Undergrad: 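Here it is, the structure, as structure tokens.
For clarity, every value in this text was computed on a predicted model and none was experimentally measured.
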Amino acid sequence: MIKNIQVLKDTTSTAIYGSRASNGVVMVELSNSMDDFVTESDNALSLIYTIDLPYSIPGNGKEQTIDLLVKETTAEYKYYCTPKLDTETYLLAEIADWEKLGLLSGKANITYDGTYIGETFIDAASTKSKLTLTLGTDKRIAVKREKMKDYSSGKSLGNDIQQTFAYQLTVKNNQNKPIQMVLKDQYPISTQKKIDVNLLKETSPWTTNVEEIGVITWEQEITSGETKTYQISYSVKYPKEMKLNL
């Protein structure tokens with residue numbers, strides 16, 4: 001695709017290309033995309049793309065795709081897993097300052113390392129500081145969640161029953177590079193005064209603990225080939241006459 005055409009004459013052309021250019025030279029600069037021919041404007045209600053280059057659409061009845069504008073941005077990559085719900089590990093790309101990209105709300109196709117992964121939905125009205133895209137699962141990050149029977153128990157305390165639960169979470173990085181891992185687990189929340197829930201000290205130190213919903217997050221770097229273990233322990237005390245599904 002032609003980006004720019006320049007005509008050189010007389011001494012200007014011979015100074016660069018020698019006597020063979022005594023009659024003048026036509027320089028053609030090629031463009032790798034349509035970016036140089038697309039103007040972006042905002043009319044407060046929508047984005048408008050004006051294309052200053054005619055484009056021929058083949059009449060073969062097939063769907064055609066044209067890259068009108070290409071923008072580059074940086075992303076922070078993290079691996080995410082909630083093994084209580086799903087032991088699959090997902091690769092996420094977090095993009096800061098995504099508002100500057102001028103994105104519109106709607107479906108978007110995701111291609112990673114030249115491979116089509118699938119669709120996502122971009123919410124341009126989001127109030128979040130980062131745009132998060134899911135790039136699929138990665139089998140090289142193994143996660144396991146097991147109940148620790150030696151630390152889980154139940155006992156009577158007068159008119160109450162106290163049950164203790166302990167779980168071990170294991171993460172192994174089978175990649176040949178370090179990763180940033182985000183691991184989440186959950187403990188129950190009591191909405192009744194008769195039921196008492198306590199997060200026990202045996203629980204591994206966390207990065208964040210959202211007590212309102214009972215969600216613990218561990219976020220750490222895991223080096224290549226490294227295995228890390230985490231523990232979550234909590235107790236639930238309730239009257240004997242109550243039946244709880246724990």
Undergrad: Pairs under 3.5 angstrom only: tabulate donor-acceptor contacts from the side chains of residues 196-207 to other protein residues two or more places apart or in another chain.
TA:
residue: D196; atom: OD2; partner: N198; partner atom: ND2; Å: 3.2
residue: T203; atom: OG1; partner: L200; partner atom: O; Å: 3.0
residue: T203; atom: OG1; partner: S233; partner atom: N; Å: 2.9
residue: T203; atom: OG1; partner: S233; partner atom: O; Å: 3.1
residue: S204; atom: OG; partner: Q231; partner atom: N; Å: 2.7
residue: T207; atom: OG1; partner: E219; partner atom: N; Å: 2.9

Undergrad: Indicate yes or no for a side-chain donor-acceptor contact from S190 to the backbone of I195 under 3.5 Å, with no hydrogens or angles considered.
TA: yes

Undergrad: Taking the side chain as everything from C-beta on, heavy atoms only, tell me whether V236 gets closer than 4.5 Å to Y234.
TA: yes

Undergrad: Is a salt bridge present between R145 and D185, judged by a nitrogen-to-oxygen distance below 4.0 Å?
TA: yes

Undergrad: Any donor-acceptor pair under 3.5 Å linking the side chain of K240 with the backbone of G158?
TA: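 Yes, K240 side chain to G158 backbone: donor-acceptor pair under 3.5 Å.
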
Undergrad: Measure the spacing between CD1 of I222 and CD1 of I179 and express it to the nearest 0.5 Å.
TA: 5.0 Å

Undergrad: Do I122 and I95 sit in the same hydrophobic cluster, where Ile, Leu, Val, Met, Phe, Trp and Tyr count as joined when their side-chain heavy atoms come under 4.5 Å apart?
TA: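 Yes, I122 connects to I95 through the hydrophobic network.
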
Undergrad: So if I apply the side chain to side chain contact (heavy atoms under 4.5 Å, CB included) rule between E94 and each of K128, E76, Q180, which one comes out positive?
TA: E76

Undergrad: Please evaluate residues T170 and K172 with respect to the criterion side-chain contact (heavy atoms from CB on, under 4.5 Å), reporting the C-alpha separation (whole Å), side-chain torsions for both, the decisive distance (0.1 Å), and the verdict.
TA: CA-CA 7 Å; T170 305; K172 184 180 180 184; 5.7 Å; no

Undergrad: Heavy-atom distance under 4.5 Å between the side chains of K78 and Y90, does that happen here?
TA: no

Undergrad: Could you grab the distance from atom NZ of K139 to atom CD of Q175, nearest 0.5 Å is fine?
TA: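 Rounded to the nearest 0.5 Å, the NZ-CD separation comes out at 14.0 Å.
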
Undergrad: Same cluster for I110 and L91 if Ile/Leu/Val/Met/Phe/Trp/Tyr side chains link at under 4.5 Å?
TA: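 The answer is yes; both residues are in one hydrophobic cluster.
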
Undergrad: Could you pull out the closest heavy-atom pair between E211 and Y187, with the gap in Å?
TA: CA-OH, 3.6 Å

Undergrad: Tell me, do K107 and E119 make a side-chain contact under 4.5 Å, heavy atoms counted?
TA: yes

Undergrad: Of all heavy-atom pairs between Y80 and K184, which one has the smallest distance, and what is that distance?
TA: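 Looks like OH-CD, 3.3 Å.
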
Undergrad: Counting C-beta onward and ignoring hydrogens, is there a side-chain heavy-atom pair between F165 and K147 closer than 4.5 Å?
TA: yes

Undergrad: Looking only at heavy atoms, which two atoms of Y77 and A93 are closest? And how far apart?
TA: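 Taking Y77 first and A93 second, the nearest heavy atoms are CE2-CB, 3.8 Å.
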
Undergrad: Minimum heavy-atom separation for E212 and I189, please, with both atom names.
TA: O-CG1, 4.1 Å

Undergrad: Give a yes-or-no answer on whether the side chains of K84 and Q186 include a donor-acceptor pair shorter than 3.5 Å.
TA: yes

Undergrad: Got a sec: does the NZ of K194 have more than 12 other heavy atoms crowding it under 6.0 Å?
TA: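 At most 12 heavy atoms, drawn from other residues, nucleotides or ligands, come within 6.0 Å of this atom.
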
Undergrad: Between CG of L85 and CD of E88, what distance do you get to the nearest 0.5 Å?
TA: 13.0 Å

Undergrad: Between OG1 of T132 and CG of L92, what distance do you get to the nearest 0.5 Å?
TA: 6.5 Å

Undergrad: Please determine whether side-chain contact (heavy atoms from CB on, under 4.5 Å) holds for the pair Q162 and S153, giving the CA-CA distance in whole Å, both sets of side-chain angles, and the decisive distance to 0.1 Å.
TA: CA-CA 8 Å; Q162 180 173 288; S153 62; over 6 Å; no

Undergrad: Determine whether L169 and V143 make a side-chain contact, defined as any pair of heavy atoms from C-beta on separated by less than 4.5 Å.
TA: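 Heavy-atom side-chain distance check fails, nothing below 4.5 Å.
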
Undergrad: Is there side-chain contact between T227 and V171, with heavy atoms separated by less than 4.5 Å?
TA: no

Undergrad: Taking all non-hydrogen atoms of both residues, which atom of P239 and which atom of D160 are closest, and how far apart?
TA: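 For P239 versus D160, the nearest heavy atoms are CA-OD1, 3.5 Å.
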
Undergrad: Under 3.5 Å, is there a donor on one side chain and an acceptor on the other for Q192 and Y238?
TA: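 There is no such pair between these side chains.
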
Undergrad: Looking at every heavy atom in both N173 and P178, which two are closest together, and how far apart are they?
TA: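 Scanning both residues, the minimum pair turns out to be ND2-CA, 4.0 Å.
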
Undergrad: Do S126 and W98 have side chains that get closer than 4.5 Å, going by heavy atoms?
TA: yes

Undergrad: Under 3.5 Å, is there a donor-acceptor pair between the N159 and E241 side chains?
TA: no

Undergrad: Looking at side-chain heavy atoms only, is the closest gap between K237 and I161 below 4.5 Å?
TA: no

Undergrad: How long is the span from the CG atom in D97 to the OG1 atom in T73, to the nearest 0.5 Å?
TA: 7.5 Å

Undergrad: Any sub-3.5 Å donor-acceptor pair from T89's side-chain atoms to I141's backbone N or O?
TA: yes

Undergrad: Any sub-3.5 Å donor-acceptor pair from S105's side-chain atoms to A124's backbone N or O?
TA: yes

